[in-house]
Chemist: 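Handing you a structure now.
Heavy atoms only: backbone and side chains are in, while hydrogens, waters and symmetry mates are out. All values derive from a computational prediction rather than experimental measurement.
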Amino acid sequence: MSKTEHEAQDRHLHRLVLFSDAVFAIAITLLAIEIHPPEHWHGVADLFGQMGHKLWAYAVSFAVIGVYWISHRRIFARLRAANGVLDVLNLIVLGLIAMLPLATELLWEHASGEATLVYVGLVAAIGVAMSVVWGYAAFAGELAGPVHRGEALFTLARTAVAPGLMCGLILFSLNHIWGLIPLAAAIAAFVAGGRFMRRRAAAGAIETTEEAAA
């Protein structure tokens, strides 16, 4: 690849990241804009009593978008190039992210099992779409830098499953306190799995270096 082509790839990837960050920022801002105080309230306690369900939904959605932004940043930090297919896949992710303020409003306006199912379904769909982005970049598109195959597969699975699972458990635990137990177990499992795969990747890199030196 020539220097000009390399610079063009860098600009492409840089603009893709900037555009994605803008969508995440707008989505997370719209969450707060859509919250309106009640027409009649008496004192701070009554205000928060009437707005409690909205604030909980806002907090959950803020965390969801924040987690997805961190995941998106980590994925794209590993990429060395971008192409048209990645653009389209990333646009699908951003389109779903942009729907979260609407789903959040649905959650607080209709506090029902159906609304929760729609919300968790959207969060899970974003995770699947994000995993497709990583899967294409790391395997089919070969857009990522050197990465241990086991770590790449764990990242794929974690990105696809963890957000929807965590969101569902968080919403469940708001009504059932014992739901914090499986939530804590899931978090511990994903953290431990991530550390294990990073150690394996580091050990593999050392072995490769030693073999090359020999």
Chemist: When hydrophobic residues are tied together by side-chain contacts of less than 4.5 Å, even through go-betweens, does F76 share a cluster with V23?
Modeler: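 In one cluster: yes.
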
Chemist: Considering all heavy atoms of both residues, which atom of S131 and which atom of T159 are nearest to each other, and what is their separation?
Modeler: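 Looks like N-CG2, 3.6 Å.
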
Chemist: Closest approach of L30 and P101, non-hydrogen atoms and distance?
Modeler: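 Heavy-atom minimum between the residues: CB-CG, 3.9 Å.
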
Chemist: Within the 3.5 Å criterion, strictly below it, is a donor on D87 or H12 matched to an acceptor on the partner's side chain?
Modeler: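 Distance-only check passes for D87 and H12.
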
Chemist: Nearest 0.5 Å please: distance from the CD1 atom of I70 over to the CD1 atom of I75.
Modeler: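 With rounding to 0.5 Å, CD1 (I70) is 12.0 Å from CD1 (I75).
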
Chemist: Heavy atoms only: give me the nearest A138-A144 pair and the separation to one decimal.
Modeler: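 Scanning both residues, the minimum pair turns out to be CA-CB, 4.1 Å.
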
Chemist: Answer with yes or no whether the hydrophobic clustering places I126 together with V132; edges join I, L, V, M, F, W, Y residues whose side-chain heavy atoms lie under 4.5 Å apart.
Modeler: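 Yes, because I126 and V132 connect within a single hydrophobic cluster, where side-chain heavy atoms sit under 4.5 Å apart.
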
Chemist: Measure the CD-CZ distance between E142 and R80 for me, rounded to the nearest 0.5 Å.
Modeler: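 Those atoms lie 7.5 Å apart.
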
Chemist: Quick check: are there more than 12 heavy atoms from other residues, nucleotides or ligands sitting under 6.0 Å from CZ of F62?
Modeler: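 Not more than 12 within 6.0 Å, no.
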
Chemist: Under the side-chain contact (heavy atoms from CB on, under 4.5 Å) rule, collect the residues that match up with S61, sequence neighbours excluded.
Modeler: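 Only L31, T104, Y119 meet the side-chain contact (heavy atoms from CB on, under 4.5 Å) criterion with S61.
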
Chemist: Let me confirm one number: the CZ-CZ distance from F24 to F19, rounded to the nearest 0.5 Å.
Modeler: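 With rounding to 0.5 Å, CZ (F24) is 11.0 Å from CZ (F19).
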
Chemist: Would you say the side chains of D21 and H72 form a donor-acceptor pair under 3.5 Å?
Modeler: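 Their side chains do not contain a donor-acceptor pair, so the 3.5 Å distance test is not met.
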
Chemist: Same cluster or not: are I26 and M99 linked, directly or through other Ile, Leu, Val, Met, Phe, Trp or Tyr residues, by side-chain heavy atoms under 4.5 angstrom apart?
Modeler: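 Shared cluster, no.
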
Chemist: Please determine whether residues L13 and L18 belong to a single hydrophobic cluster, defined as Ile, Leu, Val, Met, Phe, Trp and Tyr linked transitively by side-chain heavy-atom distances below 4.5 Å.
Modeler: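 No, separate clusters.
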
Chemist: Quick check for you: to the nearest 0.5 Å, what is the distance between L122 atom CG and L106 atom CG?
Modeler: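 It is 10.0 Å, given to the nearest 0.5 Å.
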
Chemist: If you count the non-hydrogen atoms of other residues, nucleotides and ligands that lie under 6.0 Å from CZ in R73, is the total more than 12?
Modeler: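 Yes, enclosed.
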
Chemist: Classify the side-chain pair Y136/N90 by whether it contains a donor and acceptor separated by less than 3.5 Å.
Modeler: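 N90 and Y136 do not have a side-chain donor-acceptor pair below 3.5 Å.
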
Chemist: In chain order, what residues pass the side-chain hydrogen bond (donor to acceptor under 3.5 Å, both in side chains) check against Y58, with sequence neighbours excluded?
Modeler: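 Y58: no side-chain hydrogen bond (donor to acceptor under 3.5 Å, both in side chains) contacts found.
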
Chemist: Using modelled atom types only, decide if a donor and an acceptor are shared between the side chain of S71 and the backbone of Y68 within a distance under 3.5 Å.
Modeler: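 Absent.
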
Chemist: Can you confirm whether L100 sits close enough to V123 that some side-chain heavy atom of one is under 4.5 Å from a side-chain heavy atom of the other?
Modeler: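 Yes, their side chains come closer than 4.5 Å.
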
Chemist: Answer yes if I92 and V85 sit in the same cluster of Ile, Leu, Val, Met, Phe, Trp and Tyr residues linked by side chain heavy atoms under 4.5 Å apart, and no otherwise.
Modeler: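 Yes, I92 connects to V85 through the hydrophobic network.
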
Chemist: With rounding to the nearest 0.5 angstrom, report the CG to CD1 distance, L91 to I97.
Modeler: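 The distance works out to 13.0 Å.
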
Chemist: Between L86 and L16, what is the shortest heavy-atom contact and its length?
Modeler: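 For L86 versus L16, the nearest heavy atoms are CD2-CD2, 3.9 Å.
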
Chemist: Just verifying a value: how many Å separate L94 CG and L89 CG, rounded to the nearest 0.5 Å?
Modeler: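 Taking CG in L94 and CG in L89, the distance rounds to 11.0 Å.
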
